[in-house]
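Worksheet for the structure shown next.
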There are 2 protein chains.
Amino acid sequence: MTSFTEENYLKIIYKLSTETESEISTNAVAELTQTKAASVTDMLRKLSDKQLVSYQKYQGVRLTSQGQAVALKVIRKHRLWEVFLVEKLGFNWDEVHDIAEQLEHIDSEELVQRLDEFLGFPQFDPHGDPIPDRHGKMPEFGYKNLSDIDPNQAVIMMGVAQHSVSFLQHLAKVGLNLGVDICVKEINDFDKSMTIKIGGEIDYFISNDVAKNILVKVY
Amino acid sequence: MTSFTEENYLKIIYKLSTETESEISTNAVAELTQTKAASVTDMLRKLSDKQLVSYQKYQGVRLTSQGQAVALKVIRKHRLWEVFLVEKLGFNWDEVHDIAEQLEHIDSEELVQRLDEFLGFPQFDPHGDPIPDRHGKMPEFGYKNLSDIDPNQAVIMMGVAQHSVSFLQHLAKVGLNLGVDICVKEINDFDKSMTIKIGGEIDYFISNDVAKNILVKVY
DNA sequence: AATAAATTTTAGACTAATCTAAAAATAAGT
DNA sequence: ACTTATTTTTAGATTAGTCTAAAATTTATT
C-alpha cells in the first residue's frame with residue numbers, strides 16, 4: 001500500500017520527470033512538496049526500499065515503472081475529479097485544484113472506473129491536460145506551445161502548461177479561454193513577446209512567459 | 001482544524017449517542033474505532049482540550065454542541081456521497097460504505113453545497129438514513145421499526161437501522177428493498193419473530209433481530 | 001462491606017512524517 | 001587544483017496516533 005504522502009511524492013517526481021530528461025534533485029522535490037531537503041532524503045530511501053523509485057545517494061532520483069504506474073493512477077484520478085467538479089458541479093477551472101488534490105487519494109479502482117464512465121471517458125481535463133486511461137496510457141495529441149507558432153498562423157487554444165491561480169485568472173481577464181481562436185500577428189525578436197488576435201476581436205500583447213504556457217492546436 | 005482521525009472519533013461518539021441517553025464508555029468507542037481502550041483515552045483527552053467533547057476520567061464521554069456540529073458535517077458528507085455513488089454512479093447500496101468512509105473527510109464547504117444541489121437536495125441516503133442540512137438539522141420523518149408494527153398493518157419499507165454487508169445482502173435475498181410493501185401477518189409472542197407478506201407475494205418468516213432493523217412508514 | 005472482576009487510565013515505547021543543526025559530498029570559481 | 005559555495009545526507013528531536021503491560025478506579029458478587 002502507498003500512503004497519502006508517498007503518493008504525493010511520486011506524483012511530484014513524475015511531474016518533474018516530464019520537464020527534464022535527467023535525474024530529479026532532492027531540492028526540486030523539496031520545493032514542490034513544501035518540505036525540507038532532509039525530509040525528502042528520508043522519503044526517497046523509503047520509496048527506494050519499496051522499489052517505487054531508483055535512488056542513489058547524492059545522485060538524484062528517478063521513478064521505476066512501478067512508481068510511474070502509481071503516479072499515473074493518482075494523476076488519472078486528479079484529472080477525472082477535476083472534470084467532474086467543472087462539468088457536473090459547475091466549478092470554475094481555477095477553483096478545482098485544491099479539492100482534486102484531496103480527491104485524488106480516494107482508494108477504489110471501481111470508483112475511478114465508474115466515474116470515468118459517468119463523465120463519458122474524457123480525454124482531457126478542464127485545463128487541457130491529458131487523462132491517462134486505466135492502464136496508464138496518455139491519449140495522443142499534437143498540441144504545441146503558443147510560443148512556437150509562426151506569425152499569421154491561426155490556432156485554437158486547447159490547454160495550459162501551468163496551473164497557478166494567478167496565471168489562470170490572468171488568462172480569464174484577457175479572454176484566453178479553452179477553445180478560443182488565436183491568430184499570431186507579430187513576434188518581437190529580442191524578447192519573443194507577441195501580439196495576438198483573440199477570437200477575431202482585439203489585438204493583445206502577451207509575454208513569452210505567457211505564450212510558453214498556452215497549448216494550441218493548428219488547424 | 002479537526003484531523004481525519006478526530007473526525008472519525010466524533011462520528012462514532014455521535015452514533016453511540018443516538019443509541020443511548022447515558023454517557024458513552026471508552027470501551028464502546030474502542031470497539032467501533034477498531035482501536036484499544038488506551039488509545040481512546042488519549043484521544044478523548046485531546047478532543048476534550050479542543051472542547052469537542054466533555055469528558056471526565058472514568059465517567060465516559062459526551063459530545064459538546066461544537067463536537068456534534070463537526071460530527072453532523074461528517075455524517076452529512078458521508079450520506080450525500082452515498083447518494084452520489086448509488087444514484088449517479090450506479091453502485092449497489094451495499095457497496096458504498098467503504099468509499100463514503102473516505103469521501104466524508106474531503107474538506108470543502110463549497111463542494112458539499114454544490115454536491116447537495118447536484119443531487120437535488122436529497123433528504124435521505126440510499127439506506128433511508130436522514131441527511132442533515134448544512135446547519136446540521138435532520139429532516140423530520142416519522143418512521144417506525146418494523147418490530148413495533150401491529151398485525152395486519154400494511155406499511156412501506158423506508159430504511160434500515162443497520163448497515164453491515166451481511167444484513168443488507170440478507171435483505172436483498174429475501175426481497176426486502178426500499179419502497180416495498182410489507183404487511184405483518186402474525187407475531188409470535190415468545191420471541192417476537194413475525195410472519196410478513198412482501199409486496200403482496202409470499203409469506204416470509206423474520207426474526208425480531210431483523211425486524212428491529214427495518215424502518216417503515218405507515219400509510 | 002470486602003473481595004473479585006471488569007473497565008479505564010497511566011507509563012513507556014513504536015511508526016510515519018516532519019523539523020533543525022551539523023557533517024559530508026558534489027559543484028563552481030578563481 | 002584548491003578553496004568556496006551549494007546541495008545533500010546524517011543525527012537527533014518532535015508530533016499524531018497507536019500499542020502493551022501495569023496501575024488505578026469503578027462495578028459486581030458473594
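Here is the naming used below: chain letters follow the sequence lines, and residue numbers restart at 1 for every chain.
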Ignoring backbone atoms, test whether A:Tyr55 places a side-chain nitrogen or oxygen under 4.0 Å from the OP1 or OP2 oxygen of D:dT8. no

Students often mix this up, so state it plainly: with edges at 30° and 60°, are the rings of B:Phe4 and B:His105 parallel, tilted or perpendicular? tilted

For A:Asp49 and C:dT15, give me the distance from atom CG to atom P, rounded to whole Å. 14 Å

Are B:Lys11 and B:Glu7 close enough for a salt bridge, meaning some N to O gap below 4.0 Å? no

Grab the N/O contacts between the protein and nucleotides 23-27 of chain D below 3.5 Å, and write none if there aren't any.
{"residue": "D:dT25", "atom": "O4'", "partner": "B:Tyr58", "partner atom": "OH", "Å": "3.4"}

Considering residues at least two apart in sequence or located in another chain, which fulfil the side chain to side chain contact (heavy atoms under 4.5 Å, CB included) criterion with B:Asp94? B:Asn92, B:Leu168, B:Gln169

For a quick test of reading the model: is some side-chain N or O of B:Arg45 closer than 4.0 Å to OP1 or OP2 of C:dT10? yes

Looking across every strand, which nucleic acid part, if any, lies under 4.0 Å from B:Phe4 by heavy atom: base, sugar-phosphate, or nothing? nothing

Return the set of residues passing salt bridge (charged side-chain N to carboxylate O under 4.0 Å, His left out) with A:Glu186 (not counting sequence neighbours), or none when no residue passes. none

Could you note down all residue pairs passing side chain to side chain donor-acceptor pair (under 3.5 Å) where residues 58-75 of chain A supplies at least one of them, sequence neighbours left out? A:Glu23-A:Arg62, A:Lys73-A:Glu109

Determine, step by step, whether A:Glu104 and A:Arg76 satisfy the salt bridge (Lys or Arg N to Asp or Glu O under 4.0 Å) criterion, reporting the C-alpha distance in whole Å, the side-chain angles of both residues, the deciding distance to 0.1 Å, and the verdict. CA-CA 8 Å; A:Glu104 73 190 6; A:Arg76 169 169 160 78; over 6 Å; no

How close or far is atom C1' of D:dT18 from atom CG of B:Leu47, stated in whole angstroms? 15 Å

Just the rounded figure in Å: distance from P of C:dT26 to CD of A:Glu23. 14 Å

Using the side chain to side chain donor-acceptor pair (under 3.5 Å) rule, collect all pairs that involve residues 121-132 of chain B, keeping only residues at least two apart or in two chains. B:Glu82-B:His127, B:Asp129-B:His163

Need to verify one output field. Residue with the more 5' nearest nucleotide on DNA chain C, B:Ile24 or A:Ser3? B:Ile24

Could you list by number each residue of residues 27-44 of chain B showing a heavy-atom separation from DNA chain C of less than 4.0 Å, or answer none if no residue does? B:Asn27, B:Ala37, B:Ala38, B:Thr41

Report, as yes or no, whether the 6.0 Å neighbourhood of atom NZ on A:Lys88 holds more than 12 heavy atoms from other residues, nucleotides or ligands. yes

Give one of base, sugar-phosphate or nothing for B:Tyr9, where a contact means two heavy atoms less than 4.0 Å apart. sugar-phosphate

Can you confirm whether A:Ile131 sits close enough to A:Phe121 that some side-chain heavy atom of one is under 4.5 Å from a side-chain heavy atom of the other? no

